[in-house]
Amino acid sequence: MLSTLNEAQQIAAKHIDGPLLILAGAGSGKTKTITTRLAYLISIGIDPSSILTLTFTNKAATEMRNRAFALISDISSPPLLATFHKFGLLFLKLNIDKLGRKNNFVIIDTDDKKKILKTIDKEITTSILASEISKFKNSLMSIEDAKQSSPDQYYTRLADIYEKYQNYLEENNLVDFDDLLLLTYHILDKFPELAKQTSQRYQYIMVDEYQDTNELQYKLLQKLCTTHKNLCVVGDDDQSIYGWRGATIKNILNFENNFENTKVIKLENNYRSTNKILQHANLLIEHNRDRIGKKLIGTRSEGNPIRLYESSDENEETRKIADDIKTLISQGVNPSQIAILFRVNALSRALEEGFNKARINYKLIGGMKFYERAEIKDLIAYFRVITNKNDNFSFKRIINKPKRGIGNATIQKVELEAHKEKTSIFSLIELYTPEQLASIVGKKNARTLKVFMASINDLQDTLQEAKMRFIDMFEETFDFKQSFEKAIDGADRIANIDEFYGYVRDFFMQNIDLNLEDFLNEISLESAQDEIEGGSVSMMSIHASKGLEYEHLFVIGLEEGFFPIVGDGSDLEEERRLGYVAFTRAKDQLTLSFVHSRFYKGRRTQLVKSQFLTESGLVKGSLSISKSTAFKKDDMVKHKIFGTGRVISATKAGKEFKLKINFNGTKRDILSNFVEKI
DNA sequence: TGGGTCACGGTTTTT
DNA sequence: CCGTGACCCA
């Protein structure tokens with residue numbers, strides 16, 4: 001089992017007890033190493049069910065499971081391989097009652113989150129609110145902490161919105177993605193006995209993509225390690241690309257300090273890419289300051305030089321790439337070994353058009369996901385109401401779909417009444433007599449609502465008694481599909497609906513003991529990579545390409561403003577890491593492309609080529625000086641002694657910044673190297 | 001209530 | 001450019 005590993009990989013795979021940090025460069029056989037370690041642990045007699053492996057995507061979990069199981073013959077009690085969020089979900093299903101909540105909660109996605117926020121505050125953009133609340137949660141700030149974090153009106157307002165939002169979630173028994181981790185943490189924190197038990201249950205913990213964990217995930221891991229220190233993390237600080245989502249590179253940089261007696265193993269041999277590719281990737285990443293420092297060492301041949309495409313606009317760019325791809329395919333290259341990456345999803349449009357014209361089969365990964373389509377979300381909302389009557393949020397989405405004459409005014413009336421009666425809208429309709437209901441919304445609407453309520457209850461019964469008939473019953477009851485018939489894109493939507501019905505039926509067939517609720521939970525945690533399939537050329541964002549590799553890789557949009565994205569809120573070092581991730585996806589041939597102008601947001605913009613081309617030694621030019629991590633007004637920072645605060649002003653002073661920081665109302669002048677950005 | 005028109009602003013990245 | 005939301009009228 002170990003014989004196919006190199007020396008460093010073997011040491012890592014054979015490490016049993018105590019904290020282990022594997023710094024694994026791109027293409028260094030990271031997955032192979034940890035799956036082998038997983039198999040090794042089992043092979044020496046460790047109870048598989050005491051091993052927990054946490055990954056970033058479902059796909060990674062599945063792949064690791066398959067690979068590990070291929071190494072060992074029969075496993076009676078399998079190890080748990082899951083994403084962090086899935087783990088949280090499983091934990092909450094068993095334990096959320098400890099927080100006084102019911103375990104039929106519903107997971108909401110970002111879209112739902114924004115809709116809720118819109119009803120709370122109409123002025124601040126929902127995407128800002130959503131990410132601010134995420135930041136509060138991911139840095140473990142309670143509502144009280146948030147309220148005191150700054151006297152600035154804007155922040156007290158944010159904290160207020162946070163509170164209302166959280167109340168809304170609790171009233172409707174909803175959890176957002178962050179809650180899956182946060183509530184899990186809260187429970188473990190509040191019940192040390194349970195934390196002990198849980199930790200004892202999972203004696204060996206492995207974490208993949210550790211560089212992309214956030215503070216909350218780190219704290220959670222600490223809880224899981226209360227009774228032991230058998231934590232093995234794998235990551236690459238140079239590939240940390242989720243800072244905007246709260247991931248902190250500090251987790252990996254400080255791992256050795258956080259866990260005593262950590263064994264560190266570096267995997268620097270790259271088995272994926274040609275030397276040429278590695279050489280330029282190394283050159284690029286060396287411009288970063290915040291890194292542990294390592295170099296990828298090639299093990300393959302020198303390889304072809306990296307190609308640089310210069311085009312006047314996106315159409316010319318697409319044409320060149322389409323021509324190349326056609327040639328490759330005619331030479332016998334498997335289309336699934338070809339991919340095009342971009343920093344900004346919007347760039348896929350021109351590609352899609354061009355590929356359609358050129359008749360190239362492609363698959364766009366990420367972007368608008370199947371479950372995000374309006375008609376599918378409607379169905380999900382229906383199913384949620386059927387599984388959980390108290391889900392007002394979903395109820396409101398579907399009460400008038402298909403149209404049954406219930407408008408905003410009516411919804412508001414029943415919602416207000418339900419609020420008064422301290423119950424959900426659905427229960428109100430159930431409890432009130434037709435007369436009572438009519439006195440609020442009128443006779444006609446009262447009738448409609450009662451009929452709707454009865455239909456949902458009937459479907460609930462069907463689900464209990466004959467779940468295979470459920471979908472048919474559902475269609476019979478609501479004529480949902482038909483309501484799309486006259487829409488412009490009706491055929492597409494109906495096709496989507498049929499596909500979705502197929503999924504549900506299939507799920508029921510495959511999982512006789514599972515119900516609709518399980519199905520809903522399952523699909524809410526699917527990720528972009530889960531949709532990858534063979535047989536066609538792939539195009540995706542660089543973020544979505546994490547962990548993947550292709551023989552022939554194109555990276556487009558290497559222009560200032562598109563890649564790297566510059567300006568407010570962007571982090572040049574993270575952009576550079578993205579560049580590094582992008583380059584190192586290529587095995588044999590890497591082609592980089594930039595244009596002179598692009599059509600974007602309704603306008604044509606003139607562009608200059610990316611500084612990354614200079615930095616990676618691909619074009620000659622004056623090297624721009626790389627900026628250190630910049631601090632700016634309103635950043636949240638953490639000080640060892642003063643705790644969490646907000647930056648009031650930042651002025652550059654040599655390499656560092658002079659900061660004025662508000663710590664719970666006390667303003668202090670602090671130099672930036674004494675605080676951490678959070 | 002529902003259908004229509006019009007102005008506005010925004011996506012960088014996603015479990 | 002495109003999707004969303006505000007506003008208006010039947």
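What you see is a predicted model; the values in this text were computed from it and never measured. Residue numbers begin at 1 in each chain, while the letters A, B, ... track the order of the sequences.
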Report the nucleotide, chosen from B/dT15, B/dT1, B/dT14, that has the shortest atom-to-atom distance to any side-chain atom of A/Thr110.
-> B/dT15

Output the rounded distance in Å from [atom1] ([X]) to [atom2] ([N]).
{"X": "A/Arg577", "N": "B/dT13", "atom1": "CZ", "atom2": "C1'", "answer": "13 Å"}
{"X": "A/Ile399", "N": "B/dT1", "atom1": "CD1", "atom2": "P", "answer": "12 Å"}
{"X": "A/Lys546", "N": "B/dT15", "atom1": "NZ", "atom2": "P", "answer": "10 Å"}
{"X": "A/Gln211", "N": "B/dT13", "atom1": "CD", "atom2": "C1'", "answer": "15 Å"}
{"X": "A/Leu220", "N": "B/dT15", "atom1": "CG", "atom2": "C1'", "answer": "14 Å"}
{"X": "A/Glu574", "N": "B/dT14", "atom1": "CD", "atom2": "C1'", "answer": "12 Å"}
{"X": "A/Glu215", "N": "B/dT15", "atom1": "CD", "atom2": "P", "answer": "22 Å"}
{"X": "A/Ile542", "N": "B/dT14", "atom1": "CD1", "atom2": "P", "answer": "11 Å"}

Does the side chain of A/Asn214 get closer than 4.0 angstrom to OP1 or OP2 of B/dT15 through an N or O atom?
-> no

Given B/dT14, is OP1 or OP2 found less than 4.0 Å from the side-chain N or O atoms of A/Asn345?
-> yes

Is a side-chain donor-acceptor pair under 3.5 Å present for A/Asn104 with A/Asn173?
-> yes

Want to settle it: does A/Phe177 or A/Gly405 sit nearer the 5' end of DNA chain B, counting the closest nucleotide to each?
-> A/Gly405

If you measure from the Lys or Arg side-chain nitrogens to the Asp or Glu carboxylate oxygens, is any gap between A/Arg598 and A/Glu317 under 4.0 Å?
-> yes

Test of ring centre spacing under 6.0 Å for A/Phe519 and A/Phe383 | no

Would you please determine if the base of B/dT13 is stacked by A/Trp244, with stacking meaning a centroid separation under 5.5 angstrom and planes under 30 degrees?
-> yes

Ignoring hydrogens and angles, tell me if any N or O in the side chain of [X] forms a donor-acceptor pair with the backbone of [Y] under 3.5 Å.
{"X": "A/Asp212", "Y": "A/Ala247", "answer": "no"}
{"X": "A/Lys413", "Y": "A/Val441", "answer": "no"}
{"X": "A/Gln211", "Y": "A/Asp238", "answer": "no"}

Looking for any heavy atom pair under 4.0 Å, which part of the strands does A/Phe599 touch: base, sugar-phosphate only, or nothing?
-> sugar-phosphate

Reckon A/Asp109 touches a base, only the sugar-phosphate, or nothing at all at heavy-atom distances under 4.0 Å?
-> nothing

Between B/dT13 and C/dT4, how far apart are the P atoms? Round to whole Å, please.
-> 16 Å

Of A/Val207, A/Leu231, A/Ile205, the one forming a side chain to side chain contact (heavy atoms under 4.5 Å, CB included) with A/Leu224 is A/Ile205

Pull out every protein N or O sitting under 3.5 Å from an N or O of nucleotides 3-11 of chain B, one pair per line with the distance.
from   : atom 1 : to       : atom 2 : distance (Å)
B/dT11 : OP2    : A/Ser127 : OG     : 3.4

